[in-house]
Amino acid sequence: MNKQFEILKRSRDLVLKRIEGLSHEQLHVIPEGFNNNIAWNVAHLVVTQQLLHYKLSGLNCLAPDELIEGYRKGTFPSKDFTEEEFEEVKELLIGLPETLEEDFEAGIFKEYQEYETSTGFVIDSFESAIAFNNLHEGMHLGIIMNLSKLV
């Protein structure tokens, strides 16, 4: 599992590096042919990780409910973050993987509600949720990389 946590942290570092230097406006641009923007993708990574690991394990998510409702699967950008709000999202992006690893080591993930993803993959354990989330993170890193070239 250590390697899986390492992959998650590295992916998050790559996201932050990719968006470094982009203006607040650039983070919120939705290029033609896309349904969302960089800011939405970053928040979506935070939310999805929380839902897959905590909610489906019967635990409370560590991200605010408002963030979860606005950036879960099936949502689209409805408003721009303020600069302060987006800084908070970036703090969650970088900090929550460490908390996840600590919580795993503390043994808090005891049960898991099976979930079929939109890709048809069935997540049936915390361990498979970690692996699927890393795939999901990689997909959105690719989207963020493409969006950053267009803004």
Exercise. Do the non-hydrogen side-chain atoms of Leu56 and Ile123 ever get within less than 4.5 Å of each other?
Worked result: no

Problem set entry | Distance-minimising heavy-atom pair for Asn41 and Asn36 | ND2-OD1, 2.9 Å

For this session: Quick one: pull up CD in Glu101 and CD1 in Ile130 and give me the separation to the nearest 0.5 Å.
Result: 9.0 Å

Problem set entry | Any side-chain heavy-atom pair of Ile94 and Asp13 under 4.5 Å | yes

Exercise. Any side-chain heavy atom of Leu67 within less than 4.5 Å of one from Phe81?
Worked result: yes

Problem set entry | Distance-minimising heavy-atom pair for Asn35 and Ile30 | C-CG2, 4.0 Å

For this session: Flag the pair His53 / Phe109 as yes when their ring centroid distance falls below 6.0 Å, and as no otherwise.
Result: no

Exercise. Does the side chain of Pro64 come within less than 4.5 Å of Leu92's, by heavy atoms?
Worked result: yes

Exercise. How long is the gap from CE on Met139 to CG on Leu141, to the nearest 0.5 Å?
Worked result: 11.5 Å

For this session: List the atom of Tyr112, the atom of Ala129, and the distance in Å for their closest heavy-atom pair.
Result: OH-CB, 3.3 Å

Problem set entry | Hphob cluster co-occupancy, Ile144 + Leu16, side-chain heavy atoms under 4.5 angstrom | yes

Exercise. Gln49 versus Arg12: any side-chain heavy-atom pair under 4.5 Å?
Worked result: yes

Problem set entry | Glu102: salt bridge (charged side-chain N to carboxylate O under 4.0 Å, His left out) partners, not counting sequence neighbours | none

Problem set entry | Pairs meeting criterion salt bridge (Lys or Arg N to Asp or Glu O under 4.0 Å) with involvement of residues 111-121, two or more places apart | none

Seminar exercise, completed: Contacts of Glu127 meeting side-chain contact (heavy atoms from CB on, under 4.5 Å) (sequence neighbours excluded), chain-then-number -> Met1, Phe104, Ser125

For this session: Please examine the side chains of His136 and Leu45, heavy atoms only from C-beta on, and report whether any two atoms are closer than 4.5 Å.
Result: yes

For this session: Just jot down the side-chain hydrogen bond (donor to acceptor under 3.5 Å, both in side chains) partners of Tyr54, sequence neighbours excluded, or say none.
Result: Asp103

Exercise. Side-chain heavy atoms under 4.5 angstrom apart, residues restricted to Ile, Leu, Val, Met, Phe, Trp, Tyr: same cluster for Leu14 and Phe5?
Worked result: yes

Problem set entry | Inter-residue atom distance Ser148.OG - Leu27.CG, 0.5 Å rounding | 10.0 Å

Exercise. Rounded to the nearest 0.5 Å, how far apart are CD of Glu83 and NE2 of His24?
Worked result: 5.5 Å

Exercise. Can any side-chain N or O of Thr117 pair as donor or acceptor with the backbone N or O of Thr119 at less than 3.5 Å?
Worked result: yes

Contacts table for residues 73-80: side-chain donor-acceptor under 3.5 angstrom, sequence neighbours left out:
from	atom 1	to	atom 2	distance (Å)
Lys73	NZ	Tyr115	OH	2.9
Thr75	OG1	Trp40	NE1	3.1
Thr75	OG1	Gly70	O	3.1
Thr75	OG1	Arg72	O	2.7

For this session: First locate atom CD1 of Ile143, then atom CG of Asn37, and finally report the distance between them rounded to the nearest 0.5 Å.
Result: 12.0 Å

Exercise. Can you name the residues that form a side-chain hydrogen bond (donor to acceptor under 3.5 Å, both in side chains) with Gln50, not counting sequence neighbours?
Worked result: none

Problem set entry | Ion pair check, Glu6 and Lys9, cut-off under 4.0 Å | no

For this session: Under the salt bridge (charged side-chain N to carboxylate O under 4.0 Å, His left out) rule, collect the residues that match up with Lys110, sequence neighbours excluded.
Result: none

Problem set entry | Any Leu100 side-chain heavy atom under 4.5 Å of Leu96 side chain | no

Seminar exercise, completed: Residue set satisfying side-chain hydrogen bond (donor to acceptor under 3.5 Å, both in side chains) with His28, at least two apart, ordered chain then number -> none

Exercise. Aromatic ring centroids of Phe132 and Phe121 under 6.0 Å?
Worked result: yes

Exercise. Can you check whether Cys61 reaches Leu51 side chain to side chain, under 4.5 Å on heavy atoms?
Worked result: yes

For this session: Measure across Gln4 and Ala131 and return the closest heavy-atom pair with its distance rounded to 0.1 Å.
Result: OE1-CA, 3.9 Å

Exercise. With Ser11, which residues qualify under side-chain contact (heavy atoms from CB on, under 4.5 Å), at least two apart?
Worked result: Glu137

Problem set entry | For Glu88, side-chain contact (heavy atoms from CB on, under 4.5 Å) partners two or more places apart | none

Exercise. Which heavy-atom pair separates Val89 from Ala43 by the least distance, and what is that distance?
Worked result: CG1-CA, 3.8 Å

For this session: Could you list the residues that satisfy salt bridge (charged side-chain N to carboxylate O under 4.0 Å, His left out) with Glu87, not counting sequence neighbours?
Result: Lys90

Problem set entry | side-chain contact (heavy atoms from CB on, under 4.5 Å) involving Val29 - partner list, sequence neighbours excluded | Pro31, Val151

